[in-house]
Amino acid sequence: MDVKTEDFEDVKPTASRKRAANNSDDEADEDYGPGASASKPKKVKKEEKPAVKSKTKAQPKAAARSKNVKVEPTASPDKKKTKRELAREQEQKEVWKWWEEEKTNDGKKWKTLEHMGPVFAPEYEPLPKHVKLVYDGKEISLSENTEEVAGFYAKMLLHDYTSMDVFNKNFFKDWRKVMTPKERELITDLGKCNFQKMHAYFTDQSEKRKARSKEEKQKEKAENEKLVEIYGYCTIDGHKEKIGNFRIEPPGLFRGRGQHPKMGMLKRRVQPEDVIINCSKGSKVPVAPKGHKWKEVRSDNEVTWLATWTENIQGQIKYVMLNPASRLKGEKDWQKYEKARKLHTIIDRVRENYTNDWKSKEMKIRQRAVAIYFIDKLALRAGNEKDSDESADTVGCCSLRYEHVKLHEQKDDLENVVEFDFLGKDSIRYQNSVSVEKRVFKNLKLFMENKNEGDDLFDRLNTSILNKHLQDIMEGLTAKVFRTYNASRTLEEQLNLLTKEDDNVAAKLLAYNRANRAVAVLCNHQRAVPKNFSQQMERMSEKIENKKKDLKEANKQLKDAKQQAKNSRSTTVASNVEKKKKAVERIKEQLHKLELQATDKDENKDIALGTSKLNYLDPRISVAWCKKYDIPIEKVYNKTQRQKFMWAIDMAGPEFEFIE
DNA sequence: ACTTCGACTTAGGACCGGCCGA
DNA sequence: TCGGCCGGTCCTAAGTCGAAGT
């Protein structure tokens with residue numbers, strides 16, 4: 001995939017200058033039609049600037065302000081408010097504006113922390129007696145544990161995983177471990193196992209679930225809400241905040257990504273005895289489920305997790321942590337973007353620096369300089385080493401190997417082209433050909449001399465060396481900051497480039513999506529092309545064709561009407577012309593909108609926008625853009641996103657610039 | 001130095017429920 | 001009314017990176 005900015009420069013042709021007279025599917029948009037904006041009270045910006053570095057501004061921490069009841073904008077005395085505005089205010093009302101509070105910087109993450117502990121997976125419910133595994137043609141009854149694990153497999157029967165050797169091998173090995181000796185003696189060949197009946201049973205169960213009555217569904221929903229109300233929140237420094245994942249992962253078969261050597265292994269059930277609880281000293285300690293006790297209860301306020309356990313597949317530590325909308329996460333997020341902006345203030349020097357280092361006498365420094373160049377230019381990840389028999393073979397910048405790059409003195413009219421082809425995080429393929437500076441090219445040639453497949457490209461370099469160097473350039477600078485920086489910067493630049501002042505909302509949103517897409521391409525955020533995509537596309541173009549026909553027909557009718565009008569002075573005929581004119585306009589609009597949709601859909605088929613939106617793009621850029629062009633924020637951020645980015649929505653005005 | 005551990009962010013896919021058009 | 005689609009949410013794997021351990 002090519003990171004070509006040109007792709008985004010000629011966004012024009014589809015952009016409409018016309019205001020949609022009735023863009024019907026612009027949900028509840030009456031509020032924002034032309035004219036509505038006039039009555040919209042400009043959100044009065046708080047006295048203080050969106051102030052970036054003033055986070056340490058000493059503010060009397062009046063207890064009163066912690067509830068932050070929204071101050072009515074004085075500018076809009078009565079003014080009937082639109083529904084959306086009311087909703088938006090409601091959204092803000094209960095919010096604790098932590099971003100206006102004083103920051104402490106002592107490594108302490110909280111003063112008090114109280115919660116109810118995690119929720120464990122429901123206990124296993126044995127299958128009805130008649131649902132059996134068929135082994136070698138004979139039905140057999142399994143012990144509870146064996147049956148449960150068999151069930152995990154049976155549920156996945158239609159998944160690709162079950163056709164993979166590694167998966168099957170790992171599964172069978174672990175399955176046998178839970179079998180009784182008798183079962184183990186009998187069941188020796190996975191190929192002889194027929195899980196169909198179990199599978200059919202599960203399918204049937206889920207059908208039945210779907211078919212439950214409305215009342216039943218309601219009831220269940222209410223029960224779930226009750227559970228969430230109890231376990232889904234904690235109290236941290238006196239504020240009730242949402243927990244991110246309060247449910248402990250249920251047992252199942254490990255689904256590693258890519259060619260994972262451990263796929264199919266049994267992920268065992270986590271017990272309270274595995275779980276460490278973190279909460280403050282004086283608080284009510286969560287009660288372990290009946291008959292159980294916690295592994296440990298501690299009170300460590302230098303960490304943000306509420307509970308932790310170690311998973312059995314890779315020995316990784318898992319945590320229960322707060323929701324992204326929480327202060328703890330939000331503050332960190334904000335800091336992340338501030339760090340990226342700080343990088344901007346020295347980016348020229350950084351680039352000059354590594355450019356100079358390309359000619360260093362020292363090999364290590366040259367490698368470092370080329371690596372940083374890749375990280376900066378291509379937004380590659382740092383690339384820590386990984387254990388190859390514990391995980392899929394994926395790489396990042398520092399762990400690139402000989403076979404991942406090809407050098408071409410000449411390729412497609414370009415000189416000094418480096419062709420990348422490797423699997424990155426989540427085994428997502430990175431393919432890109434870039435023309436690089438002569439010096440970089442020569443260096444790469446040098447690094448690859450006398451190397452073979454399997455050899456590290458940067459043999460004198462690792463992420464620790466690289467980050468240490470970055471640290472010397474700027475406090476807190478690490479490889480990932482470049483990704484954040486370049487992503488956010490790209491968004492801002494593309495928005496400036498693509499947004500046309502007099503486009504309508506839909507067209508502006510297409511511009512936004514395109515800017516977002518430029519970032520996703522840069523960061524290589526891919527997704528599987530949706531099933532049936534081509535059919536969906538076909539259907540859309542069919543619709544478009546039909547619309548075109550409609551347009552033709554409407555035009556014809558208009559012409560006829562005009563003709564008639566010429567020969568008659570009747571007013572009804574004249575008004576008929578007007579009517580037909582309007583019809584043509586309307587159809588044109590609809591057609592245009594369909595075409596926009598189709599373009600958007602097609603350009604988006606294998607690109608995931610969500611990841612960058614959530615993790616790389618300074619939300620203040622989007623907020624500022626919305627405010628500047630009078631786009632309702634909910635067109636860009638859904639409810640969850642608005643909660644996560646509340647701080648940005650509140651503090652960024654239309655004048656905010658990521659790059660100042 | 002090099003490895004492992006611990007905490008935290010980033011990631012794509014599964015799943016679910018509501019909505020929309022046939 | 002029903003199936004397919006779509007956005008939102010959930011889920012948890014897979015990264016990053018600093019610190020501790022050897």
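Every chain is numbered from 1, with letters handed out A, B, ... down the list of sequences. Computed from a prediction, not measured in an experiment: that's the story for all the values here. Note that these values count all heavy atoms, side chains included, but never hydrogens, waters or copies made by symmetry.
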[X] vs [N]: side-chain N/O to OP1/OP2 distance below 4.0 Å:
X	N	value
Ser427(A)	dA14(C)	no
Asn638(A)	dG7(C)	no
Lys639(A)	dG7(C)	no
Asn384(A)	dG15(C)	no
His159(A)	dG13(B)	no
Gln536(A)	dC6(C)	yes
Gln535(A)	dG4(C)	no
Thr478(A)	dC17(C)	yes
Lys480(A)	dC17(C)	no
Thr394(A)	dG15(C)	yes
Lys468(A)	dC17(C)	no
Ser464(A)	dC2(B)	no
Asn467(A)	dC17(C)	yes
Tyr616(A)	dA11(B)	yes

Charged N to carboxylate O under 4.0 angstrom, [X] versus [Y]?
X	Y	answer
Glu362(A)	Arg368(A)	no
Lys329(A)	Asp333(A)	no
Glu331(A)	Lys336(A)	no

Value in whole Å for how far the [atom2] atom of [N] lies from [atom1] of [X]:
X	N	atom1	atom2	value
Lys221(A)	dG17(B)	NZ	C1'	9 Å
Ile243(A)	dC8(B)	CD1	P	15 Å
Lys318(A)	dA14(C)	NZ	P	9 Å
Lys364(A)	dA1(B)	NZ	C1'	11 Å
Leu609(A)	dG8(C)	CG	P	12 Å
Leu380(A)	dA14(C)	CG	P	20 Å
Lys336(A)	dT10(B)	NZ	P	4 Å
Lys531(A)	dA14(B)	NZ	P	7 Å

Considering every strand and a 4.0 Å limit on heavy-atom distances, what is the contact class for [X]: base, sugar-phosphate, or nothing?
X	result
Gln314(A)	sugar-phosphate
Ser391(A)	nothing
Phe254(A)	sugar-phosphate
Lys601(A)	sugar-phosphate

Is a donor on one side and an acceptor on the other found under 3.5 Å between the side chain of Trp294(A) and the backbone of Pro286(A)? yes

Counting only N and O atoms by type, is there a donor-acceptor contact under 3.5 Å from the side chain of Asp237(A) to the main-chain atoms of Lys111(A)?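 Such a contact is found between Asp237(A) side chain and Lys111(A) backbone.
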
Nearest of [options] to any side-chain atom of [X]?
X	options	value
Gln471(A)	dC8(B), dG18(C), dT12(C)	dG18(C)
Arg257(A)	dC8(B), dT12(C), dC17(C)	dT12(C)
Lys332(A)	dC5(C), dT9(B), dT10(B)	dT9(B)

5′-ward residue of the pair Glu385(A)/Lys109(A) relative to DNA chain B: Glu385(A)

Toward the 5' end of DNA chain B, which comes first, Lys210(A) or Tyr337(A), by nearest nucleotide? Tyr337(A)

Sorted by position of nearest nucleotide on DNA chain C, 5' first, the leading residue of Arg247(A) and Val395(A) is Arg247(A)

So, Asn384(A) versus Thr463(A): side-chain donor-acceptor pair below 3.5 Å or not?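 Yes, a side-chain donor-acceptor pair sits under 3.5 Å.
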
In this structure, which one of Glu296(A), Lys295(A), His115(A), Arg298(A) forms a side chain to side chain contact (heavy atoms under 4.5 Å, CB included) with Ile277(A)?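 In the set Glu296(A), Lys295(A), His115(A), Arg298(A), the residue that makes a side chain to side chain contact (heavy atoms under 4.5 Å, CB included) with Ile277(A) is His115(A).
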
